[in-house]
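Written out below as structure tokens is the structure these notes cover.
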Number of protein chains: 2
Amino acid sequence: MKVMRETIVSTARELFRSRGYAGASMNDLADAVGLKKSSLYVRFPNKEALVPAVLDLTLQETFGQKDLGSRQWDAEFVEVIELIATTLTDRGRCVGLHLAYGTSDETPIAKDAVRAFFQAHRDYLSSILSRAMPVDVARDIATDTLARLEGATAFVAIFGEKDAMKRAVRLSIAEAQKAAAANSLSSPS
Amino acid sequence: MKVMRETIVSTARELFRSRGYAGASMNDLADAVGLKKSSLYVRFPNKEALVPAVLDLTLQETFGQKDLGSRQWDAEFVEVIELIATTLTDRGRCVGLHLAYGTSDETPIAKDAVRAFFQAHRDYLSSILSRAMPVDVARDIATDTLARLEGATAFVAIFGEKDAMKRAVRLSIAEAQKAAAANSLSSPS
DNA sequence: GTCTATATGTCGATAGAC
DNA sequence: GTCTATCGACATATAGAC
């Protein structure tokens, strides 16, 4: 029976998230989706090609159906970082970060995909924030927010603690609103 | 010629940092230190046993020769997080985090060592901060500081950017001083 | 060096839908 | 018949461990 591509990709994502790039084997993936290894190589030319597929799927699930700009900037900002934080807390690890650490110059396609993945996150947050503050400030706050969320994920992964993630969300929102307020003072609308 | 244990451990650290637990092989380590693989197994019972050795060495290098309490709390806090930040920026990755993501229930000894590693970091920072604020506040700020540093490291690893790390250091210091000031108002010395 | 397990990747054969 | 998805066996390399 035919196995859908998305099944393979999302199963590969689970494996990459829990075991990393080197630790996840094509055999494990084949077993998990109910195929033989050779059938996987019909769909994907090699293991590395799974990485862009996995990250693209994740990007689409995170930002896919949002129509940017239809609401207040801060409502959109809160929604998206809470979505990311919830996913990271539930899954316990970030696939993107695990792949970032697990790829190197020997896997250039995977490395590029990881860069694109984080750049897309930063760009998306930055475009929301820049509606309320200068673009350079928006970019820094977007970066720092992502850094906080990734760092808090480490405490979920290592200790199972979720408090750090809650504080990361709350403090990141507070920082964004503070920057927006400072901006509206210097250049009122 | 005899190869020192510390040479093996610090070389293993480089490998774990760059390739992760699964990606680093005993063969690579043997080649890098100029030994045969069989000689490595004389010193370490298995690959997993390298993990506590690597993390203990790192802990000792980070906190080893400090005598806590001999100076102002904030001078000590700044010094230690700048040391950590500089190491993370220079090396581009955190061994502890790479091992945290790379170990699982199948490697319980490594997993425990990772927990101890991060717990030691948190305890050390927390003990400095608690000289200027309540212990629960100190613990949260210590955790958030480590999370910021780890998250900023991701941007070094992925984009080669060092700015996020600089902001993480600056903002973490500011948060700590703000909490200390709030505490000294409510309970002046 | 040896042994066993397992990794990625290839290729011809095959079973069923139309 | 043909097309598509899958499989089984295989080649080659390298892993951890002794």
Side-chain angles (χ1 to χ4, degrees), chain A residues 1-55 95 98-99 101-114, chain B residues 2-3 5 7-9 11-55 95 98-99 101-114:
Chain A
M1 181 179 156
K2 174 156 167 82
V3 174
M4 283 198 295
R5 182 189 156 97
E6 192 183 317
T7 305
I8 298 173
V9 175
S10 69
T11 307
R13 176 170 56 187
E14 285 181 54
L15 286 173
F16 284 145
R17 176 155 39 216
S18 59
R19 306 189 193 190
Y21 183 77
S25 82
M26 296 296 274
N27 232 327
D28 293 340
L29 177 58
D31 287 349
V33 298
L35 286 177
K36 293 299 170 187
K37 197 178 33 162
S38 50
S39 304
L40 283 182
Y41 281 93
V42 176
R43 318 282 198 95
F44 297 91
N46 48 48
K47 181 179 170 181
E48 195 179 358
L50 286 165
V51 174
V54 159
L55 296 179
V95 220
H98 206 158
L99 287 170
Y101 269 86
T103 56
S104 68
D105 293 328
E106 290 165 15
T107 51
I109 294 170
K111 201 176 175 185
D112 281 356
V114 168
Chain B
K2 175 157 166 79
V3 175
R5 181 188 156 96
T7 306
I8 298 174
V9 175
T11 306
R13 176 170 56 188
E14 285 180 55
L15 286 173
F16 284 146
R17 177 158 33 220
S18 58
R19 308 190 190 194
Y21 183 76
S25 81
M26 297 296 273
N27 233 326
D28 293 339
L29 177 58
D31 287 349
V33 297
L35 284 178
K36 292 294 171 190
K37 217 177 6 170
S38 50
S39 305
L40 282 183
Y41 281 93
V42 175
R43 316 282 198 92
F44 297 90
N46 49 47
K47 182 179 171 182
E48 195 178 1
L50 287 165
V51 174
V54 159
L55 296 179
V95 222
H98 206 159
L99 288 170
Y101 269 86
T103 55
S104 67
D105 293 330
E106 290 165 15
T107 51
I109 293 170
K111 199 177 175 183
D112 280 357
V114 168

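Below, chain A is the first sequence line, B the second, and so on; all start at residue 1. Since we're looking at a predicted model, the values are computed, not measured. Both backbone and side-chain heavy atoms feed into the values below; hydrogens, waters and symmetry mates do not.
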Exercise. Apply side chain to side chain contact (heavy atoms under 4.5 Å, CB included) to B/T107 and B/V51, showing your working.
Key: CA-CA 10 Å; B/T107 51; B/V51 174; over 6 Å; no
Self-check item: Below 4.0 Å: OP1/OP2 of D/dA17 and any side-chain N or O of B/Y41
Solution: yes
Exercise. Please report, rounded to the nearest Å, how far the P atom of C/dT8 is from the NZ atom of A/K47.
Key: 4 Å
Quiz prompt | Spacing between A/R5 atom CZ and D/dA5 atom P, to the nearest angstrom | solution = 13 Å
Practice problem: Select one nucleotide: of D/dA5, C/dT8, D/dA15, the one nearest the side-chain heavy atoms of A/K2. | Solution: D/dA5
Exercise. Please state how far atom CD in A/E106 lies from atom C1' in D/dT14, giving the value in whole angstrom units.
Key: 14 Å
Quiz item: Does any non-hydrogen side-chain atom of A/F44 lie less than 4.5 Å from one of A/V9?
Solution: yes
Quiz prompt | Atom-pair distance (CG on A/L15; P on C/dA7), nearest Å | solution = 11 Å
Self-check item: Under-4.0 Å side-chain N/O to phosphate OP1/OP2 contact, A/S39 with D/dA5
Solution: no
Exercise. Find the distance B/N27:CG to C/dG1:C1' and express it as a whole number of Å.
Key: 12 Å
Quiz item: Choosing from D/dC18, C/dT8, D/dT6, which nucleotide comes nearest the side chain of A/V42?
Solution: D/dT6
Quiz prompt | Polar side-chain contact B/K36-C/dG1 base: donor and acceptor under 3.5 Å | solution = no
Quiz item: Can you tell which of C/dG1, C/dG9, D/dA17 lies closest to the side chain of B/N46?
Solution: D/dA17
Self-check item: d(CG, A/D28; C1', C/dT8) in whole Å
Solution: 13 Å
Exercise. Give one of base, sugar-phosphate or nothing for A/S38, where a contact means two heavy atoms less than 4.0 Å apart.
Key: base
Practice problem: Would you indicate which nucleotide in D/dT6, D/dC18, D/dG8 comes nearest to any side-chain atom of A/L35? | Solution: D/dT6
Quiz item: Rounded to whole angstrom units, what separation is found between the CD atom of A/E48 and the C1' atom of C/dG9?
Solution: 14 Å
Practice problem: Rounded to the nearest angstrom, tell me the gap between atom CZ in A/R43 and atom P in C/dG9. | Solution: 17 Å
Practice problem: Map A/G23 and A/P45 onto DNA chain C by nearest heavy atom, then report which one ends up closer to the 5' terminus. | Solution: A/G23
Practice problem: Would you mind classifying the nucleic acid contact of B/A24 as base, sugar-phosphate or nothing, using non-hydrogen atoms under 4.0 angstrom? | Solution: sugar-phosphate
Quiz item: Quick one: does B/S25's side chain get under 4.5 Å of B/K47's, heavy atoms only?
Solution: no
Quiz prompt | Side-chain donor/acceptor of B/K37 to base of D/dG16, under 3.5 Å | solution = yes
Quiz prompt | Closest approach of A/R19 to A/H98 (non-hydrogen atoms, all atoms of both residues) | solution = C-CE1, 3.7 Å
Practice problem: Flag the pair A/L40 / A/L50 as yes when at least one side-chain heavy-atom distance between them is below 4.5 Å, and no otherwise. | Solution: no
